[in-house]
S.K.: 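I'd like to ask some things about the structure below.
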2 protein chains.
Amino acid sequence: MRLSRAGEYAVRCMLYLSMAGKGVLVSRKIVAREMEIPEQFLGKIAQQLARAGFMEIVQGAKGGFRLMVSPENLTLLAVIEAVIGEIFLNDCVLRPESCHRSPDCKVHRVWADARDCFRESLRKATFASLTTS
Amino acid sequence: MRLSRAGEYAVRCMLYLSMAGKGVLVSRKIVAREMEIPEQFLGKIAQQLARAGFMEIVQGAKGGFRLMVSPENLTLLAVIEAVIGEIFLNDCVLRPESCHRSPDCKVHRVWADARDCFRESLRKATFASLTTS
DNA sequence: ATAAACAAGATCGTATTTATCCTGTTTATA
DNA sequence: TATAAACAGGATAAATACGATCTTGTTTAT
Ligand code: SF4
Ligand code: SF4
């Protein structure tokens with residue numbers, strides 16, 4: 001039960017962009033080198049982050065990435081779920097019909113609570129708080 | 001980011017044994033059929049649960065599984081970590097040396113907090129509370 | 001026109017997960 | 001004590017997920 005590499009890379013990428021500042025253009029190559037992320041792989045991850053509206057990708061010579069939101073409004077939860085999907089822990093939490101026991105299963109609720117508590121921890125962490133020393 | 005099948009099966013198995021009662025012998029075949037777990041796979045999972053001390057496996061004709069602890073003292077966290085290993089979410093939480101940024105990385109602490117909160121939710125759920133209607 | 005830089009789909013290798021097979025051992029009981 | 005029920009445990013296989021890269025194409029500054 002662990003975060004994927006892609007999730008960790010996404011966080012690092014957004015950390016770099018947050019430190020550079022909102023709206024500042026940084027080339028993919030720089031982000032990849034500084035944050036030690038395989039550049040092509042970063043390309044894939046960036047597309048998801050861009051689709052989620054957190055960054056903009058600028059094509060062409062002198063292209064790169066640009067943070068589109070304020071670090072104060074960007075949470076760890078949002079970034080992570082943008083790349084690894086919604087955190088649900090157990091199938092039955094998201095799709096109760098996946099298990100015929102779900103109507104009277106008490107484990108169900110524990111998963112939901114654990115998931116909520118977990119997600120709340122990640123939601124409280126903004127990139128503004130993560131980049132200030 | 002989801003629990004594995006094995007983890008879910010382990011929970012179901014212990015749920016059944018808890019309902020049967022501490023010390024009561026139930027055959028593997030019955031548990032597998034009632035809880036809809038592939039019987040051979042359950043065999044593997046049971047070995048881990050037995051190694052953790054939660055159940056005893058009785059060989060021979062009329063053999064089976066037997067709950068060795070009181071459902072009040074058995075938590076969801078213990079059962080799950082017995083089969084899927086300790087929950088740590090991100091490598092650097094368990095092994096800070098896996099990332100040279102860890103000394104001054106603030107994301108680090110968020111992961112640790114989220115993990116603690118998550119594990120605490122699972123620790124609070126005992127099988128006694130899960131099996132009483 | 002050229003070269004820098006990103007897009008996007010295909011692909012590949014590896015690790016993990018899930019499940020089963022097979023041979024052997026244990027044990028109740030007939 | 002022979003037999004069959006029942007679990008052990010190693011090997012193996014299939015499916016899936018993950019991490020990463022390749023290739024071709026498009027965009028854009030100069
Ligand atoms: S048994 Fe309960 S926890 Fe497990 S999948 Fe079904 S509803 Fe969910
Ligand atoms: S950058 Fe921070 S959160 Fe990511 S692996 Fe390194 S120490 Fe952990």
Side-chain angles (χ1 to χ4, degrees), chain A residues 1-13 16-17 24-52 54-68 80 83-91 98-99, chain B residues 1-13 17 25-52 55-68 80 82-91 98-99:
Chain A
M1 178 91 80
R2 57 178 267 284
L3 174 72
S4 66
R5 263 288 163 58
E8 164 67 22
Y9 288 158
V11 172
R12 284 196 211 165
C13 172
Y16 194 88
L17 296 187
V24 175
L25 188 64
V26 187
S27 88
R28 184 175 74 178
K29 195 185 317 199
I30 298 292
V31 176
R33 189 205 307 147
E34 294 300 307
M35 297 313 244
E36 291 166 295
I37 307 171
E39 195 185 335
Q40 306 262 34
F41 195 16
L42 174 57
K44 298 291 176 201
I45 295 165
Q47 283 168 34
Q48 300 184 269
L49 294 170
R51 245 176 267 137
F54 304 143
M55 62 155 71
E56 187 185 49
I57 303 179
V58 179
Q59 282 199 26
K62 303 262 173 170
F65 303 155
R66 167 186 289 150
L67 185 63
M68 295 300 281
I80 285 171
V83 301
I84 70 170
E86 189 181 344
I87 292 168
F88 55 91
L89 304 180
N90 203 357
D91 289 346
S98 71
C99 176
Chain B
M1 177 91 80
R2 59 176 265 284
L3 174 72
S4 66
R5 259 300 160 56
E8 165 66 24
Y9 289 158
V11 172
R12 284 196 210 163
C13 173
L17 295 188
L25 188 66
V26 185
S27 87
R28 183 174 76 178
K29 194 184 319 195
I30 297 293
V31 176
R33 188 204 307 148
E34 294 300 308
M35 296 315 242
E36 292 165 292
I37 307 170
E39 195 185 335
Q40 306 262 31
F41 195 15
L42 174 58
K44 298 290 177 204
I45 296 165
Q47 284 168 35
Q48 299 183 270
L49 294 171
R51 246 175 268 138
M55 63 157 68
E56 186 185 50
I57 304 180
V58 179
Q59 282 201 28
K62 302 265 173 162
F65 302 157
R66 168 185 289 149
L67 185 63
M68 294 301 281
I80 286 170
V83 299
I84 70 171
E86 190 180 344
I87 293 166
F88 57 91
L89 304 180
N90 204 355
D91 288 349
S98 70
C99 175

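Heavy atoms only: backbone and side chains are in, while hydrogens, waters and symmetry mates are out. Each chain gets a letter, A, B and so on, in the order the sequences are listed, and its residues count up from 1.
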S.K.: Respond yes when some side-chain nitrogen or oxygen of Q47(B) is under 4.0 Å from OP1 or OP2 of dC7(D), and no when none is.
M.R.: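 No, no such contact exists.
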S.K.: Could you tell me whether the phosphate oxygens of dA17(D), OP1 or OP2, come under 4.0 Å of any side-chain nitrogen or oxygen in S4(A)?
M.R.: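 No, no such contact exists.
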S.K.: Compare side-chain N and O positions of Y9(B) against OP1 and OP2 of dA19(C) and report whether any pair is under 4.0 Å apart.
M.R.: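 Y9(B) to dA19(C) OP1/OP2: side-chain N or O found under 4.0 Å.
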S.K.: Between E39(B) and R28(B), is the closest basic N to carboxylate O distance under 4.0 Å?
M.R.: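 Result for this pair is yes, salt bridge flagged.
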S.K.: Could you let me know what dG9(C) is paired to, Watson-Crick or G-U wobble, both distances under 3.5 Å, or none if it's on its own?
M.R.: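 Answer to the pairing question: dC22(D), which forms a Watson-Crick or G-U pair with dG9(C).
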S.K.: Need to verify one output field. Residue with the more 5' nearest nucleotide on DNA chain C, M1(A) or E39(A)?
M.R.: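 Per heavy-atom nearest nucleotide, the more 5' residue is E39(A).
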S.K.: Can you tell me which nucleotide in dT20(C), dC7(D), dG19(D) comes closest to the side chain of F41(A)?
M.R.: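 Ranking dT20(C), dC7(D), dG19(D) by closest atom to the F41(A) side chain puts dG19(D) first.
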S.K.: On a plain distance test, is the side chain of K44(A) in donor-acceptor contact with the base of dG19(D) below 3.5 Å?
M.R.: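 Flag unset: no donor-acceptor pair detected.
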S.K.: Send over the distance from L3(A) CG to dA17(D) C1', rounded to a whole Å.
M.R.: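 Distance, rounded to whole Å: 15 Å.
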S.K.: Quick one: are F65(B) and I57(B) in side-chain contact, heavy atoms under 4.5 Å?
M.R.: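 Yes, their side chains come closer than 4.5 Å.
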S.K.: Kindly state which residues belonging to residues 55-65 of chain A come within less than 4.0 angstrom of DNA chain C, counting heavy atoms of the residue only, listed by number.
M.R.: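 Here the set is I57(A), V58(A), Q59(A), G60(A), A61(A), K62(A), G63(A), G64(A).
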S.K.: For A6(B), report the nucleic acid contact type (base, sugar-phosphate, nothing); a contact means any heavy atom under 4.0 Å.
M.R.: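 Here A6(B) touches the backbone only, sparing every base.
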S.K.: Nearest whole angstrom, please: distance from the P of dT17(C) to the CD of Q40(B).
M.R.: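 Checked: the CD to P distance equals 20 Å.
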S.K.: Could you tell me if the side chain of R12(A) sits less than 4.5 Å from the side chain of C99(B), heavy atoms only?
M.R.: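 In contact.
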S.K.: Take the protein atom CZ of R5(A) and the nucleotide atom C1' of dT14(C), then report the distance between them rounded to whole Å.
M.R.: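 Going from CZ in R5(A) over to C1' in dT14(C) covers 12 Å.
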